Amino acid sequence: MTKRYFVYPIFLIIFYILQYVSVPISYNGVAPDFILILLVVAGIRESEKFAAILGLIGGLLADYTAGVAFGLRGIIFMLIGYFLAVLASEALSPNILSATVSGIAAYILTRLIYWGEYLVVMGGFSAKEMFLSVTLPEIILTLPFVPLVYFLVALLTGKRSSDDSRARRIRRNV
Amino acid sequence: MLVIVLFLFGFMINMIADGGSTPPKTLVGLVITPVQTFFKNISDGVENFFNTFSEYDSLKEENEKLRLQVKDLEDKLNASSVYAIENQKLKELLGIKEMHPDYEYVYADIVSISTGGFVSKFQINKGSTSGIEKKDIVITSEGLVGYVSSVSPYCADVTTILNTNVSIGAKITRTGDMAMTEGSLEQMVEGNLTLVYIPKNSNITRGDAVYTSGLNGTYPADIRIGKIIDIEIEDNGLSQYAVVAAAVDFSELKSVYVITNRSDEVEDD
């Protein structure tokens, strides 16, 4: 179980560098949202507390570099991580398909919130322009990495800790 | 968790209302900026290492041929080329400094960039301890980059001229016409700006250079913004607008100069 305390932070650092520092993969200034991918994988595989903390740290890193209102991504990612972990312990099976579907849902949710942030801070914008110039290229770049990241994390961390959370919950209810 | 959410929400609202940096962001910056600089240097080193491999065969063959004949001359030629490029950049910067000899400049490296596509901004590894203040103008030898939107002791955020909320008083040097540049999402991804409020009787053409006008004192005058690459008629048919390719290649930007001692400030539009 302690492997995840090394694997996720290392992946978070590497993904932060890939997304904001060296940026080897980008199209017209848009790069894959690696931090969100890692959060989704953590939400499916780990406990609520772990996923929430990882989301908070990852979100604050993203806010520091790319955010307009510092703290917004920290809050969003923390909540996404927490509720995704709750859902995973109750209903989701840990596999690449559920990770991909969760990734799509998390991506849509975060982008809707970012659009709202942009609207409040920057003023009006063209939804068509925003979708074609930013959102569509980003989702095309991001989604292919979800299965790869899930596979790597599963390989390195082994058994998911959300199984333990569910077992504890069942024992308490019994 | 609720306490953390309320805490962050309060800082977020304060930042939106007041702008600039908040204590949590400053604290994060103190830790993150050295790490960013470190990994950026490693990343550049790795990139140069692999580039060496990809060009290894052709360079080796050329080196074998020239080494027997003019090796000493080749070394001098390579050195002088590097110096010539650097000399040209310094001359251009000196040109800016000669126009504004009273300005002082702080050199800074870019340590991270915003890749979300919503805003065009990046972070530099110098902050208030180097004399940088919020709303300082940022340039390179190629032209205008943007302004400092928030500053911490050892780092600062730079918002570029491509952003949709940045408007710049502009001048088309060939015709003398005054206009204004604005950013748009569609143009931002291609590194372009929109030139609006062009006089109806203006005879601008593709290739015309656009510089800052300095009229309202927001940006210094005579700093290159870019050149016109396309001209369109507005939907109302009464006026025209142009697409301007920014002089600065933001995708390749590695370092900038910050003008630190101007008294005028950038006004957010």
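Keep in mind that what you see is a predicted model, and the values were worked out from it rather than measured. Sequence lines set the chain letters: A, B, ... in the order given, protein chains first and strands last, and positions in each chain run from 1.
By the 4.5 Å heavy-atom criterion applied to side chains, Y16(A) and I32(B) are counted as neighbours. Within the 4.5 Å cutoff, side-chain heavy atoms of F39(B) are placed close to those of I13(A). Looking only at side-chain heavy atoms (C-beta outward), V111(B) and V21(A) stay at 4.5 Å or farther from each other.
In this structure, the separation between CD on Q19(A) and OG on S114(B) is 9.5 Å, given to the nearest 0.5 Å. Taking OG from S133(A) and CD from Q187(B), the interatomic distance works out to 9.0 Å, rounded to the nearest 0.5 Å.
A 6.0 Å sphere centred on OH of Y107(B) holds more than 12 heavy atoms belonging to other residues, nucleotides or ligands. Within a 6.0 Å sphere centred on OH of Y154(B), other residues, nucleotides and ligands contribute 12 heavy atoms or fewer. Heavy-atom neighbours of F250(B) CZ from other residues, nucleotides or ligands within 6.0 Å: above the threshold of 12. Crowding of F15(A) atom CZ: a count of heavy atoms from other residues, nucleotides or ligands under 6.0 Å exceeding 12.
Heavy atoms of I113(B) lying under 4.5 Å from chain A belong to its backbone as well as its side chain. Contact annotation for L72(A): both backbone and side-chain heavy atoms come within less than 4.5 Å of a heavy atom of chain B. With a 4.5 Å cut-off on non-hydrogen atoms, I53(A) does not touch chain B at all. Within the 4.5 angstrom heavy-atom criterion, no atom of T159(B) approaches chain A. Proximity to chain B is limited to the side chain of L56(A), based on heavy atoms less than 4.5 angstrom apart.
No side-chain donor-acceptor contact under 3.5 Å links Q36(B) and Y20(A). Side-chain contact, Y64(A) with S152(B): no donor N or O sits under 3.5 Å from an acceptor N or O. In this model, a donor atom of one side chain and an acceptor atom of the other lie less than 3.5 Å apart for T164(B) and Y118(A).
When each of G71(A), P137(A), A31(A) is scored by its heavy-atom pairs under 4.5 Å with chain B, the top score falls to A31(A). For the set I75(A), L61(A), L132(A), the entry with the most heavy-atom pairs within less than 4.5 Å of chain B is I75(A). For the set E190(B), Q123(B), K40(B), the count of heavy-atom pairs under 4.5 angstrom toward chain A peaks at Q123(B).
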Kindly determine whether F122(B) and T65(A) satisfy side chain to side chain contact (heavy atoms under 4.5 Å, CB included), including the steps that lead there. CA-CA 7 Å; F122(B) 54 84; T65(A) 307; over 6 Å; no
